[in-house]
Amino acid sequence: MSKELAKTYNPKEIEEKLYEKWCENKYFHAEVDRSRKPFTTVMPPPNITGKLHMGHALDNTLQDILIRYKRMQGYNALWIPGTDHAAISTEVKVTNQLKEEGIDKKELGREGFLERTWQWKEEYAGTIENQLKKLGISCDWDRERFTMDEGCSKAVEEVFIRLYEKGYIYKGSRIINWCPKCKTSLSDAEVEHEDQDGHFWHIKYPIVGTDDFLEIATTRPETMLGDTAIAVHPEDERYKDIVGKNVLLPLVNKEIPVVADYYVDKEFGTGAVKITPAHDPNDFEVGKRHNLEEINIMNDDATINEKGGKYAGMERYEARRAIVKDLEEQGYLVKVVPHSHSVGTHDRCGTTVEPLIKQQWFVKMDELAKPAIEALKTGELKFVPERFNKTYLHWLENIKDWCISRQIWWGHRIPAYYCDECGEFVVAREKPSVCPHCGCTHFTQDEDTLDTWFSSALWPFSTLGWPEQTEDLEYFYPTDVLVTGYDIIFFWVIRMVFSGLEHTKKSPFHTVLIHGLVRDSQGRKMSKSLGNGIDPLEIIDQYGTDALRLTLVTGNAPGNDMRFYHERVEASRNFANKVWNASRFILMNMEENVSEPESALMTPADKWILSKVNTLAKDVTENMDKYELGIAVQKIYDFIWDEFCDWYVELVKYRIYHKEENPAEANCALWTLKTVLGNALKLLHPYMPFITEEIYSALEPEEESLMISTWPVYKEEWNYPAEEELLEHMKDITRGIRNMRSEMNVPNNRRTKVFVVSEDVKLLYGLDQMIESVKPLMAANDIIVESEKKDIAEDAVSVVVPGATVYLPLEDLVDFEQELARLSKEEERLNKEIARARGMLSNEKFISKAPEAKVAEEKEKLEKYTQMLEQVQERMAGLKK
RNA sequence: GGAAACUUAGCUCAGCUGGGAUGAGCGUUCGCCUCACACGCGAGAGGUCACGGGUUCGAGCCCCGUAGUUUCCACCA
């Protein structure tokens, strides 16, 4: 940064250059160093399915803020980046890409498809990496990982085998969620439920041996092809006599029994339920209890199979229509009632999920869940904000076994090998040579792959070398904070916690910082289908990375959603420009050899701003330690703009402009400017890394880099309470004068005498010390400070501020009536204030119960306002003469 | 059917362990191109903190209830 700077900040000129410098110097890289404390975080690996969206920008900005902060505090900060193979999502994307080229993935075969998908991975992982770099994030690129790289795959295999050997992984035939489009099983978490308008078809089933019918209601009539019973509530008087009898399944013309089961709700529908064990999770349970046959009537693509008789080959909804039509024609359909019900859909493709019975691999969850619940209760793990504890616990306490096998190619293949001869399987690290069951030597590996979350669950330790007991693992693990959105607590956070506890005996992190969603300006979720997504790169291009980052953290509390719109980024951009220009002003005037001045040379203003930045450092640190990043950055913003720019820089101009006459005073001002700006830049750096680094390098050219400099800490010697008080008085006086002038339409260029009358000796003395500096702020050509009102003409306007009365002789402009009106308004206000304070102080309970400090505070206020009121009244009396 | 969050200035949102809403940005009114910045400077206007109770000397904040909005979970055929 040279001294001839552009009037507006141009992020494009510096961002790339600085990022390269940081990378070249390995500032992001961390190695084991036992002399320092580590601070570790792992990046939630973005899916390689596409480019990053605003949610990623938020997630990574938050992490970068924390990691930069900790790094400056002296921690050995490690942030591991990486990407996720995103099994089904990626397979769908690549399959579609192939389809566009007219290629069926089956033609390619497994190997060919995988080769193609690895190509895809290379391309997208590269794109994602570049995007992250644009965001300025300081993760350790030397440690970049991928959920399907060698190390992660090794960890996956090891975990699978260990859990299998422990009996926690099993293969079983259970009812699972099936996506007929992706042709794979899904876990419960991957199924989204949405309410759809459907119908209730009331159908009558003839009771065998009578002329009676049993009426049932169903939302999915096509499943009747697989009905193997009707269930009623055991205590339902209506059906008491029918239990044990058979009914005739219409269309199929098969007799099925009526069973009694507590699952049935007497009040709902007709109180009689058709039971299709193979196509409904509840019916499956009922079926187990009553030993019912399970008839699977569907193929993997949700067409009706050969068990469906004449409906075989039909697509599921086509079959539904045909069956309803037939029922109606044959007189079995009683009525159709509109009915809204919840339908499960695949979260990746939106297809309605079909519950089917399939052989799948499962993780037994009950034992694994217990330590994860315990970790939260003991405090080993905590959520910020705390309300997510409930979400976490509720899920774990109601957890069901996790279906982990997927019938797709892209993913970690299950390490189970089937004997070609006897069909028995062996779970092993390598393909076995001899079958322990039959002695045969030919094996085929299980075709299935694992749920994508199976590998991401290991991310915090697989990326550090587990299952090897590496030095990295020992030193950096457990990690410290995990930053992620509330939308993947179930998918990911919970699974990482129980996996970490199971395999490393430790919670993988002590804190989970949860953030919300970035929504559009109308509060809608950003989505491809709505086309309302905002590309972070476009924003960066338009306003700069720092502006984007600032926008993403201001005015937001942890866990809350935010709305994103251009006006907010503009405000951030404006702030960047403000910082830029204040710095430009300082650098333009900066001398080579500024030195720390004697305390005696410092003006009250210098001490005040030092004191302010000192307190700021303390407050910001406290807020950041509590993850209150929005509050922290707001304080920095306010300090820089309001205190530093609007007051201090203005107060310093006189000394700077009179450098030649008084170099010592100028030095003092410059040193303070440099020191305070330097500290402010440090505090701001985690939020706005580029602009702060750029300015700092010009301000402190001898220092290597701001990002590796030390975080400001509170120092007692910069605590100047008296000067803080004095400057508050000075501001009150200045505002009083400006207010008066504005109200009276005094032209800007008209300078006046200013009389400050006060009994406060310290105030008078302090003002006197800064008189030349203060003049421009008060639009004064002369400031007279005195302890009592002497030769001030009555045709002056006056304003009473705490501790002083200020007069402006504005003979020609004074309107006595107006002046009296103004004063009486002020009198009224003060009377109200006094009444309020008196009211509190006359309440005995307040005096006896409120903390002493609070009582003293109110007494002080009462005194202050009473004094001001006297001044106002005195002035009014003078005017009335 | 459970659970959570939200309801504060025209808009979007902050408000830490309860102690005068001197809250922020945007918008708006008035005056300023004052030699760092018009992406700016100065001065204003604008709020019964959803509603009703309760606890407390004191409630935007704690407790209970009501209404509206949003989200998550759940097997109601």
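Order of the sequence lines sets the chain letters (A, B, ...), proteins ahead of strands, with each chain counted from 1. For the numbers below, each heavy atom of this structure counts, side chains included, while hydrogens, waters and symmetry mates do not.
- Dashed line: the shortest gap from a side-chain N or O of A:W641 to OP1 or OP2 of B:C41 is under 4.0 Å.
- Taking atom CG on A:D646 and atom C1' on B:C37, their separation rounds to 11 Å, with Å as the unit.
- A:D188 places its CG atom 12 Å from the C1' atom of B:C73, with the value rounded to the nearest Å.
- At the heavy-atom level, A:N623 lies nowhere under 4.0 Å from the strands shown.
- For the pair A:S340 (side chain) and A:D197 (backbone), a donor-acceptor distance under 3.5 Å is absent.
- Closest to the A:K626 side chain, of the nucleotides B:C16, B:A77, B:A36, is B:C16.
- Both A:R573 and A:Y565 lie close to RNA chain B; mapped to their nearest nucleotides by heavy-atom distance, the more 5′-ward contact belongs to A:Y565.
- Look at B:C72: its Watson-Crick or wobble partner, with both distances under 3.5 angstrom, is B:G2.
- As rounded to the nearest Å, B:A14 and B:C73 have P atoms that lie 23 Å from one another.
- Side-chain N/O atoms of A:N748 include none lying less than 4.0 angstrom from OP1 or OP2 on B:C33.
- In this structure, the CG atom of A:N739 is 14 Å from the P atom of B:G42, given to the nearest Å.
- Rounded to a whole Å, the CG atom of A:L550 is 18 Å from the P atom of B:C39.
- The shortest side-chain heavy-atom distance between A:W395 and A:I489 does not fall under the 4.5 Å cut-off.
- Looking at heavy-atom distances under 4.0 Å, A:T391 makes no contact with the nucleic acid at all.
- With a 3.5 Å ceiling on both atom-pair distances, B:U17 lacks any Watson-Crick or G-U wobble partner.
- Remark: the separation of the C1' atoms in B:C32 and B:C37 is 15 Å, to the nearest Å.
- Listed nucleotides: B:A74, B:U34, B:A77. Nearest to the side chain of A:H193: B:A74.
- Contacts of A:W201 with the nucleic acid, taken as non-hydrogen atoms under 4.0 Å apart, are absent.
- Residue A:E650 is in base contact, counting any heavy-atom pair closer than 4.0 Å across all strands shown.
- Residue A:N398 places none of its side-chain N or O atoms closer than 4.0 Å to OP1 or OP2 of B:C73.
- The side chain of A:K635 places no N or O atom within less than 4.0 Å of a non-bridging phosphate oxygen (OP1 or OP2) of B:A14.
- Residue-level contact check: A:N843 touches the backbone only, with heavy atoms under 4.0 Å from sugar-phosphate atoms and none from bases.
- Between the side chain of A:R751 and the backbone N or O of A:M778, no donor-acceptor pair lies under 3.5 Å.
- Across all strands, A:F575 comes closer than 4.0 Å to no nucleic acid atom at all (heavy-atom distances).
- Comparing the same atom, C1', in B:G27 and in B:C11 gives a spacing of 7 Å after rounding to whole Å.
- Base-pair partner of B:G60: not found among the strands shown (Watson-Crick or G-U wobble, both distances under 3.5 Å).
- Applying the Watson-Crick and G-U wobble criteria (two distances, each under 3.5 Å), B:A24 pairs with B:U12.
- Summarising the base pairing, B:C51 is matched to B:G65 through a Watson-Crick or G-U wobble pair whose two defining distances lie under 3.5 Å.
- Contact check, A:R563 against B:C13: a side-chain N or O comes under 4.0 Å of OP1 or OP2.
- Checked options A:E724, A:E643, A:E650; the residue passing with A:K731 is A:E643 (criterion: salt bridge (Lys or Arg N to Asp or Glu O under 4.0 Å)).
- At least one donor-acceptor pair closer than 3.5 Å links the side chain of A:N532 to the backbone N or O of A:S527.
- For A:V264, taking side-chain heavy atoms from C-beta onward, the closest of the listed nucleotides B:A5, B:A77, B:A36 is B:A77.
- Ranking B:C26, B:C75, B:A43 by closeness to the A:S742 side chain, first place goes to B:A43.
- Within 4.0 Å (heavy atoms only), A:G630 reaches no atom of the nucleic acid at all.
- Here the separation of B:U48 from B:G40, taken at their P atoms, is 30 Å to the nearest Å.
- When heavy atoms are screened at a 4.0 angstrom cut-off, A:A582 is found touching base atoms of the nucleic acid.
- Using modelled atom types, no side-chain atom of A:S742 and backbone atom of A:R738 make a donor-acceptor pair closer than 3.5 Å.
- With hydrogens and angles ignored, the 3.5 Å screen pairs a side-chain donor or acceptor of A:N589 with a backbone N or O of A:F585.
- Closest-nucleotide positions on RNA chain B for A:R836 and A:T554 were compared, and the one nearer the 5' end corresponds to A:T554.
- At a threshold of 4.0 angstrom between heavy atoms, the contacts of A:K390 are confined to the sugar-phosphate backbone, with no base atom among them.
- Between A:H339 and B:A77 there is a side-chain polar atom (N or O) within less than 4.0 angstrom of OP1 or OP2.
- Using a distance-only test at 3.5 Å, with no hydrogens or angles considered, a donor-acceptor pair links the side chain of A:R238 to the main chain of A:K266.
- Residue contacts shown for A:Y865 include a base, since a base heavy atom lies under 4.0 Å away.
- Among the protein residues, A:Y637 comes within range of the sugar-phosphate backbone only, with heavy atoms under 4.0 Å from sugar or phosphate atoms but none that close to a base.
- B:G60 and B:U7: their P atoms are spaced 14 Å apart (whole Å).
- A donor-acceptor pair is defined here as one N or O able to donate and one able to accept, closer than 3.5 Å; no such pair exists between the side chain of A:D347 and the backbone of A:E192.
- When the P atom is used for both B:C61 and B:G52, the distance is 13 Å, rounded to whole Å.
- Look at B:G46: it lacks any Watson-Crick or wobble partner with both distances under 3.5 angstrom.
- When distances are taken from the side chain of A:E567 to each of B:C26, B:C41, B:C75, the shortest belongs to B:C26.
- Nucleic acid contact for A:P776: none, since no nucleic acid atom lies under 4.0 Å from a heavy atom of the residue.
- As judged by a 4.0 angstrom heavy-atom cut-off over every strand, A:F490 is placed among residues touching the sugar-phosphate backbone only.
- Atom CE of A:M740 and atom P of B:G44 are 12 Å apart (whole Å).
- Phosphate proximity of B:G40 to A:N574: present, with a side-chain N or O under 4.0 Å from OP1 or OP2.
- When the side-chain nitrogen and oxygen atoms of A:Y657 are compared with OP1 and OP2 of B:A36, one or more of them lie within a distance under 4.0 Å.
- If you measure from atom CD of A:E857 to atom P of B:G58, you get 18 Å, rounded to the nearest angstrom.
- Backbone-only contact: A:R735 has heavy atoms under 4.0 Å from sugar-phosphate atoms and none from a base.
- Ring geometry for A:Y262 versus A:H233: interplanar angle over 60°, hence perpendicular rather than tilted (30 to 60°).
- The side chain of A:M588 has B:A36 as its nearest neighbour among B:C41, B:A36, B:G44.
- The distance between atom CD1 of A:I695 and atom C1' of B:C37, rounded to the nearest whole Å, is 12 Å.
- Set against B:C39, B:A5, B:C26, the side chain of A:R387 has B:A5 as its closest nucleotide.
- Across the protein-nucleic acid pair, A:D642 atom CG and B:A43 atom C1' stand 15 Å apart, rounded to whole Å.
- At a cut-off of 3.5 angstrom, the base of B:C37 holds at least one donor-acceptor pair with the side chain of A:K578.
- Distance check on atom P: B:A45 versus B:G53 gives 32 Å, rounded to whole Å.
- Here B:A43 is the nucleotide among B:C37, B:A43, B:U71 with the atom lying nearest to any side-chain atom of A:R738.
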